[in-house]
2 protein chains.
Amino acid sequence: MSRSTSGTPSIRDVARTAGVSVATASRVMAKANYPVAEPTRQKVLEAARSLGFVANALARSLARARTDIIGVVVPVLINPYYAAMVEAIDQAAREHGLTMLLSLTGGDERRREAVIDDLLARRVDGLIVCAGAFDHQKLRSREELGMPAVLIGQQANNGLPIIRTDNRRAGHDAAAYLWGLGHRRFAYLTSLKTWHDFHDRGRGMMEFLAGTGVPYEAEIMDGLFGEADSYARVRQECDWGLRATALIASTDRHALGALAALADAGRSVPGEVSVMGFDDYVTSGFVRPSLTTMQMLAAEMGRRAVEMLKRQLLGKSAPQRPMLQATLVERGSTGPAAG
Amino acid sequence: MSRSTSGTPSIRDVARTAGVSVATASRVMAKANYPVAEPTRQKVLEAARSLGFVANALARSLARARTDIIGVVVPVLINPYYAAMVEAIDQAAREHGLTMLLSLTGGDERRREAVIDDLLARRVDGLIVCAGAFDHQKLRSREELGMPAVLIGQQANNGLPIIRTDNRRAGHDAAAYLWGLGHRRFAYLTSLKTWHDFHDRGRGMMEFLAGTGVPYEAEIMDGLFGEADSYARVRQECDWGLRATALIASTDRHALGALAALADAGRSVPGEVSVMGFDDYVTSGFVRPSLTTMQMLAAEMGRRAVEMLKRQLLGKSAPQRPMLQATLVERGSTGPAAG
DNA sequence: CTGAAAGCGCTTACAG
DNA sequence: CTGAAAGCGCTTACAG
């Protein structure tokens, strides 16, 4: 029994009302430049229009064995770093004729596996997985995945291509900049155990300091997950007698918390202490003092990931491009060390 | 010819290696409590495991005529308001056994239509569309959509159910609070032409002021799209001689820009001028002075939208719940009017 | 409890 | 330039 009377019209309905075969209807609807006689084409188009035909993408994908969808896995969106990355991925995908199917892990490894399973079941054409915390740890290998994939983040993994920013160098540059301003006593606000990026930034900072051959102090303030932790810790350090004159924060979030704590403790920034972050949120330019930060190119990473994935989909080789470099954005929260 | 040797194994392969029919294989894989003899079930499970079978969701959706996917349309993610909303939708959807398919419009009406077409073609089970600027304007009607949908945002539209926050009341409350502090000269930082929410907040504010029966001043500073615009405008007003002692900003973004401008112009906050925002970003508690704001429950709106959509999918009636109310979060940027 | 078969809505060699 | 038919990988009455 025909189903043309109920629900969405199918290509069969279009074919029937246009008086052509399903094959022909399919060709004019889906293959822009397949040779079809002009009058025939018009009849089909008109039939489709009048019926309000919307081709079923599921059926199409099933028949063609491809979906033109790329699965994108990120920890969260509330962090502007990921938000910017995802927006860039979405736009780049669109430009390549692909649709983004986004999945959130909340930073949880089990959930990451679950969402990847889901993406695989939906037969996405490829995958972009962003590291969050230890997210790439134990990620299944290229073979287990069985489809093109690119990673964004810090850790190399199983031979999957990866886009990353040189966090070590960024940490190095941050410390070098502050050093040049005369600072010799540093503190690093971070959460080392969870985020590789933070670890590498700290390492770069330490390497720079050790390499100067000049005496310095460097303290790690660990276990800080956001503004609130950072605020509490710096506040406490101020009470106890903060030694550092230069605070390097793992992200702008941490830096913003520190800035608030210093203000509340009556320490002048950058008069008494300088503060630097990483990421460069929009907000960072609009706090007072404004925040000096290492700008990480989240959007650019997203774009490159799509580009690299697209090359894989086309069967081209994906040349491993060099790491991205962070840029120092100098603002009001840093200044010469006192004395 | 069998295709079991290449690519992903299908249910046919599972059936064959388990020595059962495709129907039985399908039942054990997809229908948890369909009665199947235990030994048979085990054979199928084992076959699936050994083959690494992952059921094709496209085929399943096609056969069942439902996808368990809900399409979600938002303007952007970089704004924490939408980021929070989307995260809440994603989680709520997951809890209801649904997958979120997110599409970004960038606030562009044409692109919104395009992404909705795409979602329709993918046969999502339902739609959640968030207003951004004039986004619900000219949105196709319930009939044209031909599927369950719920709107989030300000404007009612074509009889589609809608989740919203009482922006007028929020604006009213903001003004009332400042009025109670003794302020009589107000300014509203906004972008009226594009965002209905902003319009309603301003209207609520004006209605309150007009209702007091006491002389007051109120100026609209229009055409402001973010921190930078807001900063520039307030900076300029300070040069020209700012009259208002109470600045109400359409969003925390606008408020943050204003705060920076006042700081740079040497005006004390809240000593000389009080500033209030809407939204309550995480950041807003960590600027100094910290920002008093009307907290909009973005996550709650997202959750309710999913819930309401789910009811529609189940064919239940969706009782129109009352509007959400914003909550005033009192912080350091507001204080008694001088004099 | 199990299987044969039709159907979901497309696409695409293959043959005219 | 056009059509008949097989196939994509599932699900699900229907009949045993």
Side-chain angles (χ1 to χ4, degrees), chain A residues 1-44 47-48 51-68 120-125, chain B residues 1-44 47-48 51-68 120-125:
Chain A
M1 195 172 93
S2 169
R3 312 176 67 265
S4 63
T5 45
S6 76
T8 332
S10 78
I11 190 90
R12 279 243 297 281
D13 301 309
V14 174
R16 184 171 344 102
T17 98
V20 301
S21 72
V22 167
T24 298
S26 170
R27 283 170 190 136
V28 356
M29 297 313 295
K31 315 197 82 83
N33 39 25
Y34 191 97
V36 172
E38 201 46 32
T40 311
R41 176 183 303 279
Q42 289 310 325
K43 276 190 299 182
V44 174
L51 293 172
F53 173 71
V54 179
N56 185 322
L58 298 168
R60 171 156 226 252
S61 294
L62 185 59
R64 303 186 61 205
R66 57 181 265 210
T67 53
D68 293 320
L120 258 31
R122 295 193 189 285
R123 299 298 191 264
V124 296
D125 289 347
Chain B
M1 196 173 88
S2 167
R3 315 178 64 267
S4 63
T5 46
S6 76
T8 332
S10 79
I11 190 91
R12 278 246 297 284
D13 300 310
V14 174
R16 183 170 345 103
T17 98
V20 301
S21 73
V22 167
T24 298
S26 172
R27 283 170 190 137
V28 356
M29 295 314 295
K31 315 198 82 84
N33 39 26
Y34 191 98
V36 172
E38 200 47 33
T40 311
R41 177 184 301 279
Q42 290 311 324
K43 276 190 301 184
V44 173
L51 292 173
F53 172 71
V54 180
N56 186 322
L58 298 168
R60 172 157 226 253
S61 294
L62 184 59
R64 304 185 61 205
R66 59 181 263 211
T67 53
D68 295 319
L120 259 31
R122 295 193 190 285
R123 298 296 191 266
V124 295
D125 289 347

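In what follows, chains are A, B, ... by sequence order, proteins preceding strands, each numbered from 1.
Shown here for A/Tyr34 and A/Arg41, the closest heavy-atom pair between the two residues is O-NH2, 3.1 Å. The two atoms that bring B/Ala47 and B/Ala18 nearest to each other are CB-CB, 3.8 Å, heavy atoms only. When all heavy atoms of B/Asp125 and B/Thr67 are compared, the closest pair comes out as OD1-N, 3.0 Å. Between A/Ser10 and A/Asp13, the closest heavy-atom pair is N-OD2, 2.7 Å.
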**Report entry** Test log, rule side chain to side chain contact (heavy atoms under 4.5 Å, CB included), inputs A/Val28 and A/Thr40
**Finding:** CA-CA 9 Å; A/Val28 356; A/Thr40 311; 5.7 Å; no
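When each of C/dG9, D/dC10, D/dG3 is scored by its nearest atom to the side-chain atoms of A/Val20, the top-ranked nucleotide is D/dG3. In the set C/dC1, D/dG9, C/dG9, the nucleotide with an atom closest to the side chain of A/Asn56 is C/dG9.
Among the atoms of the strands shown, none is found under 4.0 Å from any heavy atom of B/Ala57.
Per the geometry, CZ belonging to B/Arg66 stands 22 Å off P belonging to C/dG7, to the nearest Å. Note: CG (B/Leu58) to P (D/dG7) measures 20 Å, nearest angstrom. The nearest whole Å value for the distance from the CG atom in A/Leu62 to the P atom in C/dC8 is 14 Å. The distance from atom CZ of A/Arg122 to atom P of D/dG9 is 18 Å, rounded to the nearest whole Å.
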Requested in this report: Sugar-phosphate means primed atoms, P, OP1 and OP2; the rest is base. With that split, encode nucleotides 11-16 of chain C 5' to 3' as B, S or - using protein heavy atoms under 4.0 Å.
Outcome: BBB---
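Remark: nothing in residues 36-43 of chain B comes within less than 4.0 Å of DNA chain D through any heavy atom.
The shortest distance between side-chain heavy atoms of B/Arg123 and A/Thr8 falls below 4.5 Å. Side-chain atoms of A/Phe53 and A/Ile11, non-hydrogen and from C-beta on, do get closer than 4.5 Å to each other. Side-chain contact between A/Val14 and A/Leu51 is present, with heavy atoms from C-beta onward closer than 4.5 Å.
Of the inter-residue distances, the one linking B/Arg122 atom CZ with B/Leu58 atom CG reads 9.5 Å to the nearest 0.5 angstrom.
In this entry D/dA4 has no Watson-Crick or G-U wobble partner, no candidate having both defining distances under 3.5 Å. Across the strands present, C/dA13 finds no partner; the criterion is a Watson-Crick or G-U wobble pair with both atom distances under 3.5 angstrom.
For C/dG3, one of the phosphate oxygens OP1 or OP2 lies less than 4.0 angstrom from a side-chain nitrogen or oxygen of B/Ser21.
Across D/dG16 and D/dT12, the matching C1' atoms stand 16 Å from one another, rounded to whole Å.
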